[in-house]
Every structure is written in C-alpha cells, then in structure tokens.
Amino acid sequence: LMKMSEKRADLIALASLGNCLCSQDSDALNKKILSANPKVRALMKESRLLLQREDYVLSLYYVTTGKMTKALIDEARSIALNGLDDKRQIRFVPWDGRHCLRRFQDFQLNGPPTVDEVVLLSSGNSILHEKDKTTGIDAYVLSVKASDIGKIVQKHGPCLFSRNIRGYKGDKGEINRAIRKTCAEDPGHFWYRNNGVTIIGDEAKVMGCPGDDENKLIVKYPQIINGQQTARVIASIEERISPDAKILVRVVCVDRDNGCGDAYAEVVQNIVKSTNSQNPISPIDLMSNDAEQIRIERELRNNPRWRYAY
C-alpha cells in the first residue's frame, strides 16, 4: 500500500478524456476514441450528448493502492477543467492507497458509504479555529444558513449520519415539531433557540471568496454526529426556509493518519458519545427560573410559617 507511484500519463489520459466529454468541440472526443471498440465509441458519444443537453456533473475517479503527488493531481484536475465555461460540470476525484484504507475503515465502522466532502458557507464575518497541540484535533465554529444545511442533507442523505447514534424521529416528537415551527415562523431567533449541529471529519480547510475573507469551510469525510433531528427537519422544509434562519455549526477534525486503526476509532467514538450525553431536564427544572415562580418564592420567604419547595 502506497509503495508505487502512479504514472503521470495514466492520470492525464483520464483527465483529458473527461475534458473531451464535457467540451463543446465534438472533434476532440472523436479523435480521442478513434481506435476504441465500436460499442465504447457509441457509449462515449451518447455520454457526451447527455452532458451537453442535461444538467449532469461528470465525476472522474482515479483509484489506486499506490500514491499520487499533489502536483500531479493538480495538473490532472487543471487539464480536466481546461476551456470549460462551467467549471462545476466536472469533478476529478483521486483515490490513493491512503484514501482506499480510509474507505475500508469507514465500511468497518459504519457500513454505508461515507461522503467525500461538504462545503459550509459562513453567514458571519469569520470562522473560529482552535487546534489542540496535544491531540492534534482541529475544531471550527461558524454560523451557516439553515437552508444550506438542508441542501447538504438533501444531497447526501443518510450517508451523513452513519456515525450518529440516534435515529431520525420524523414529525412524531414534540422537539422536532418545535424545531420545524421555529424555523418556519420565527427564523430570526432560530440560531438562539437551537443547539446547532456537530460535524466530525478527517480534515478541514478554510477558504475565502472574492470580497470576503475566510467564509468557506471545506470538510473532508464529514459525519453529522449531533443535531441529526435539526438537520433533517430543516431538510424536509428547505424550500420554505427564510434566509434569516441561521444555525450554529461545530466541526471537529481528527487526523486518522496520526491515530489510525483502533486508536482513531476510539477517539471518534468518545467524541460521538460525549456530544450526545447530557443530564436529563425535567419539567420542574424548566419552570425553576419562571418569573412567577420566583415571585412566589420571594413572597413566601417573608412569612416564617411557609416554605417554598419544588
């Protein structure tokens, strides 16, 4: 694993083929597949027509148990995107030996396939970043539009919740109905009334957009480990959510290369367990700070014959 380096010509060939499939120049593809099997040529031409006519995204996966340098990956990705008007039409996704090992570990831990990455757009001015020098764990905190979280959940579905220890309760629970009501009827206060979402991933990178500094966070191999009810309720009403509705997002990144195998799994499991553990709150606790109850307690203090209890 990771002993042999991939040949440059092989990566470039895949990237070039993908570029021809998405290009407006049909001659480029015809030249590329001139010596191919007739059935392959027919399928390639059909694929190109679909990419030109429909709103498809072409994903080019190069999978190997060997290794690829960043420079080679960048070169291949650049060739794949060369000359395209819409850069979002094609994705070049390299899987080296390390990536394959991560996928296998995820399969052992979760079962369902995991998500490669998600992009979180900060609705605030900046993204808070904290790195623990002892453990190497990175943590990020940012505000995100609730509708953006909804779109991410709609796109990736249950794969985002493979590590989550709770199931989705739908509209059956009182809490979920309250989340839906607040998001729809009082979006300006949703951020203050909701605990937000916690995401765990392998790594994250802060990137800025034109005119703004540090307002985009790209998270690799994300899993929503806390806040599933919130995220899935939002996804169910995403089209009706006001842009005023925002949500707090915490991102915790554990580098499995520094703690692979059982050690990595234990760290992740402890974070999942801790973020989903809290002391139960009874109805009495919720009323303990009620203004009327505080007034009654103060009045009774003035009379030694009475004692306030709850």
Side-chain angles (χ1 to χ4, degrees), residues 1-2 63 65 67-68 70 73 93-122 124 126-144 148-149 152-153 155-168 195-207 214-232 247-278:
L1 191 68
M2 297 292 290
V63 183
T65 56
K67 56 185 178 181
M68 295 174 275
K70 183 179 182 302
I73 293 172
V93 186
W95 284 18
D96 61 9
R98 185 178 292 109
H99 187 114
C100 291
L101 179 60
R102 288 177 177 179
R103 285 292 187 176
F104 181 68
Q105 290 173 341
D106 289 336
F107 174 78
Q108 289 181 308
L109 291 171
N110 308 322
T114 52
V115 178
D116 283 339
E117 68 177 34
V118 296
V119 179
L120 300 172
L121 298 177
S122 173
S126 62
I127 298 172
L128 178 64
H129 175 217
E130 183 73 22
K131 185 176 183 65
D132 190 318
K133 296 181 180 179
T134 302
T135 63
I137 295 175
D138 284 288
Y140 302 83
V141 179
L142 65 159
S143 291
V144 177
D148 287 348
I149 295 295
I152 289 173
V153 174
K155 178 179 180 180
H156 298 290
C159 292
L160 273 173
F161 306 98
S162 299
R163 292 190 189 277
N164 200 294
I165 61 177
R166 303 179 190 273
Y168 179 47
N195 287 334
V197 169
T198 301
I199 299 174
I200 192 166
D202 280 22
E203 58 183 281
K205 183 177 181 180
V206 178
M207 297 184 66
E214 300 186 339
N215 70 339
K216 179 190 296 185
L217 185 68
I218 301 176
V219 186
K220 296 287 188 180
Y221 314 113
Q223 286 286 298
I224 294 180
I225 59 170
N226 187 265
Q228 176 179 190
Q229 308 306 319
T230 295
R232 296 186 72 164
I247 187 170
L248 180 69
V249 178
R250 289 199 312 154
V251 178
V252 181
C253 294
V254 182
D255 184 358
R256 71 178 78 194
D257 292 332
N258 292 332
C260 59
D262 294 338
Y264 167 78
E266 183 180 359
V267 170
V268 172
Q269 186 63 26
N270 286 337
I271 293 175
V272 172
K273 181 179 178 181
S274 299
T275 54
N276 284 280
S277 301
Q278 61 182 26

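Starting from 1, each residue takes its place in the sequence as its number.
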Enquirer: Could you list the residues that satisfy salt bridge (Lys or Arg N to Asp or Glu O under 4.0 Å) with K131, not counting sequence neighbours?
Expert: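 Salt bridge (Lys or Arg N to Asp or Glu O under 4.0 Å) check on K131 returns D138.
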Enquirer: Is there a side-chain contact between H156 and F161 in this structure, where contact means two heavy atoms from C-beta onward sitting under 4.5 Å apart?
Expert: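 No, every pair of side-chain atoms sits at 4.5 Å or beyond.
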Enquirer: Check P222 against L160 and note the closest heavy-atom contact, atom names and distance.
Expert: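 P222 and L160 have their closest heavy atoms at O-CD2, 4.0 Å.
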Enquirer: Tell me, with the steps shown, if L142 and L121 meet side chain to side chain contact (heavy atoms under 4.5 Å, CB included).
Expert: CA-CA 9 Å; L142 65 159; L121 298 177; over 6 Å; no
Enquirer: Kindly give the heavy-atom pair with the smallest separation between C253 and D202, and that separation in Å.
Expert: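 For C253 and D202, the tightest heavy-atom pair comes out as CB-O, 3.9 Å.
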Enquirer: Identify the two heavy atoms, one from Q223 and one from C159, that lie closest to each other, and give their separation to 0.1 Å.
Expert: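 What the structure gives for the nearest pair is NE2-O, 2.7 Å.
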Enquirer: What is the minimum heavy-atom distance between I224 and G227, and which atoms define it?
Expert: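 Between these two residues, the closest heavy atoms are CG2-C, 4.3 Å.
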Enquirer: State the CD1-CD1 distance between I200 and I137, to the nearest 0.5 angstrom.
Expert: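 That separation rounds to 7.5 Å.
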Enquirer: Going from CG on L248 to OG on S143, what distance comes out if it is rounded to the nearest 0.5 angstrom?
Expert: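 Reported value, rounded in 0.5 Å steps: 6.0 Å.
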Enquirer: Less than 4.5 Å apart, any side-chain heavy atom of L217 and any of S122?
Expert: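 Answer no - side chains too far apart.
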Enquirer: Measure up the Y140 and H129 rings against each other and bin them: parallel (under 30°), tilted (30 to 60°), perpendicular (over 60°).
Expert: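 The arrangement is parallel - the two ring planes meet at less than 30°.
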Enquirer: Would L120 and D148 count as a side chain to side chain contact (heavy atoms under 4.5 Å, CB included) here? Give the steps.
Expert: CA-CA 8 Å; L120 300 172; D148 287 348; over 6 Å; no
Enquirer: For the residue pair D116 and H99, establish whether any side-chain heavy-atom pair is separated by less than 4.5 Å.
Expert: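 With C-beta onward as the side chain, the pair touches.
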Enquirer: Check M68 against D96 and note the closest heavy-atom contact, atom names and distance.
Expert: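 The pair with the smallest heavy-atom distance is CE-N, 3.7 Å.
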Enquirer: List in chain and number order the residues that pass side chain to side chain contact (heavy atoms under 4.5 Å, CB included) with K205, two or more places apart in sequence or in another chain; answer none if no residue qualifies.
Expert: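 Counting only residues at least two positions away or on another chain, K205 forms a side chain to side chain contact (heavy atoms under 4.5 Å, CB included) with M207.
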